[in-house]
Chemist: 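Before anything else, here's the structure in question.
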Protein chains: 2
Amino acid sequence: MLTIGELSRATGVKIPTIRYYEQMGLMAAAERSGGNQRRYESQDRERLSFIKHARDLGFTIEAIRELLELSGHPNRPCVDADQIAVRQLEIVRDKIAKLRPLEKELERITAHCHGDQIKDCYVLQSLANHDMCESEH
Amino acid sequence: MLTIGELSRATGVKIPTIRYYEQMGLMAAAERSGGNQRRYESQDRERLSFIKHARDLGFTIEAIRELLELSGHPNRPCVDADQIAVRQLEIVRDKIAKLRPLEKELERITAHCHGDQIKDCYVLQSLANHDMCESEH
DNA sequence: ATAATACCTATAGAAGCTGGAGGAAAAGAT
DNA sequence: ATCTTTTCCTCCAGCTTCTATAGGTATTAT
């Protein structure tokens, strides 16, 4: 049996976050000690590690809820789980695709600044005037 | 003189967002018509375009506040503005750098799923077991 | 004059936590 | 057994950047 602090250290998930996951229904309501403190078993640690890993990969709480639900039905086909992961891959790729033009634009803007006075500042001029941009964003 | 709706259409910033920017002090409190409706001039449109452009590039409200403040002092050196932009470039690069390993990991996870049963699902196994990952995240 | 559209304020909600206040329980030291 | 420290409890507010709704008023067009 683990206390919430031990579970936190074991998984790297902060204590208030564990309580939050319980509130959101990702973690079952934990058993309690005589003094009303949460006590966890190793299955809980595995489940929380799963959640943390998925969160680290950017899955939303909702997606994780579905993945956990699916993992409770061992004999069903796993296309649904696969689809959720594919969707997440698309989301990540989309974010990267949106950030790259920003990176380019910021590189261009900062590279042109020569430390003159504000009134000639390329950074501020670029922000004021969208026509100076090379790509869409 | 523009109404808030016209300003919204002219800049692509939604009406409640314009009011929000006013509340946050990015936009000055607008003049009002006899019936208490906001009226804007073309300077306001330029300022809002500046804000939108900066937001599109991912600058925070705080950073934009500083950039606007700086642009009000034409004779100062522009190193501060430059630094804010450099910092933003770092933030964007950092985000990309964090997303790339996630992309790789999700590619790997999804590529290995063969549509079998949940109990053999590579997606779920990978999430449950961090050791299966190739890189840190 | 009336109808349609656009505007107003105030407030709540979204996502995913994080932190604080005020108090109780557990654990270690004496 | 007592004292002290650490850990835990609940409840609630706050973060960020909007977005949406409700209930009501102004403006514009016909």
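Chain letters run A, B, ... following the sequence lines, proteins first, then strands; residues in each count from 1.
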Chemist: Regarding B:Arg108 and B:Glu105, does a basic nitrogen lie under 4.0 Å from an acidic carboxylate oxygen?
Modeler: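 Judged by the 4.0 Å cut-off on N to carboxylate O distance, B:Arg108 and B:Glu105 do form a salt bridge.
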Chemist: In residues 63-71 of chain B, which residues come under 4.0 Å of DNA chain D by heavy atom?
Modeler: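 Result for residues 63-71 of chain B: none.
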Chemist: Students should find this one: the first and last nucleotides of DNA chain C, 5' to 3', lying under 4.0 Å from a heavy atom of chain B. What are they?
Modeler: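 Counting from the 5' end, contacts occupy C:dC7 to C:dT9.
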Chemist: Tell me which residues in residues 23-43 of chain B put a heavy atom below 4.0 Å from DNA chain D, sorted by number, or none.
Modeler: B:Ser33, B:Gly35, B:Gln37
Chemist: In this structure, would B:Ile51 and B:Met24 fall into the same cluster of hydrophobic residues linked by side-chain contacts under 4.5 Å?
Modeler: yes
Chemist: For A:Val13 and A:Ser8, run side-chain contact (heavy atoms from CB on, under 4.5 Å): C-alpha distance rounded to whole Å, both residues' side-chain angles, the deciding distance at 0.1 Å, then the answer.
Modeler: CA-CA 5 Å; A:Val13 177; A:Ser8 171; 5.7 Å; no
Chemist: For residues 6-17 of chain B, which residues have at least one heavy atom under 4.0 Å from DNA chain D?
Modeler: B:Lys14, B:Pro16, B:Thr17
Chemist: Below 4.5 Å, heavy atoms only, C-beta onward: do B:Thr3 and B:Gln37 meet side chain to side chain?
Modeler: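 B:Thr3 does not reach B:Gln37 side chain to side chain.
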Chemist: Pick the nucleotide of DNA chain D nearest each of B:Glu62 and B:Arg19; which residue has the one closer to the 5' end?
Modeler: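 That would be B:Glu62.
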Chemist: Which pairs count as ring pair (Phe, Tyr, Trp, His ring centres under 6.0 Å) when at least one residue sits in residues 98-117 of chain B, sequence neighbours excluded?
Modeler: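 Qualifying pairs, neighbours excluded: B:His112-B:Tyr122.
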Chemist: Sequence neighbours left out, what pairs pass ring pair (Phe, Tyr, Trp, His ring centres under 6.0 Å) with at least one residue falling in residues 64-94 of chain B?
Modeler: none
Chemist: Would you compute the distance between atom CD1 of B:Ile18 and atom CG of B:Leu26 and round it to the nearest 0.5 angstrom?
Modeler: 12.0 Å
Chemist: Just to be sure I understand the geometry, which residues of residues 83-92 of chain A put a non-hydrogen atom under 4.0 Å away from DNA chain D?
Modeler: none
Chemist: Please set out all donor-acceptor pairs under 3.5 angstrom arising from side-chain atoms of residues 85-96 of chain A, sequence neighbours excluded.
Modeler:
residue : atom : partner  : partner atom : Å
A:Arg87 : NH1  : A:Glu90  : OE1          : 3.3
A:Gln88 : NE2  : A:Leu57  : O            : 3.1
A:Gln88 : NE2  : A:Gly58  : O            : 3.2
A:Arg93 : NE   : B:Glu103 : OE2          : 3.2
A:Arg93 : NH2  : B:Glu107 : OE2          : 2.6
A:Asp94 : OD2  : A:Lys98  : NZ           : 3.0

Chemist: Using a heavy-atom cut-off of under 4.0 Å over every strand shown, decide if A:Phe59 touches base, sugar-phosphate, or nothing.
Modeler: nothing
Chemist: Quick one: salt bridge (Lys or Arg N to Asp or Glu O under 4.0 Å) pairs with a partner in residues 59-72 of chain B, sequence neighbours left out?
Modeler: B:Glu62-B:Arg65
Chemist: Should B:Val79 and A:Leu106 be regarded as members of a common hydrophobic cluster, given that ILVMFWY residues are connected when their side-chain heavy atoms come within less than 4.5 Å of each other, either directly or indirectly?
Modeler: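 In one cluster: no.
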Chemist: Under the rule for side-chain contact (heavy atoms from CB on, under 4.5 Å), what residues qualify as partners of B:Asn75, not counting sequence neighbours?
Modeler: A:Gln117, A:Lys119
Chemist: Working to the nearest 0.5 angstrom, can you tell me the gap between B:Leu48 CG and B:Leu7 CG?
Modeler: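 Those atoms lie 5.0 Å apart.
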Chemist: Which residue pairs pass the ring pair (Phe, Tyr, Trp, His ring centres under 6.0 Å) test when at least one of the two sits in residues 12-44 of chain B, sequence neighbours left out?
Modeler: none
Chemist: Taking the side chain as everything from C-beta on, heavy atoms only, tell me whether B:Arg39 gets closer than 4.5 Å to B:Arg32.
Modeler: no
Chemist: What range of DNA chain D does chain A touch, first nucleotide to last, counting atoms under 4.0 Å from its heavy atoms?
Modeler: D:dC8 to D:dT10
Chemist: Are the side chains of B:Met1 and B:Glu41 in contact, using a 4.5 Å heavy-atom criterion?
Modeler: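 In short, these two side chains touch, coming nearer than 4.5 Å.
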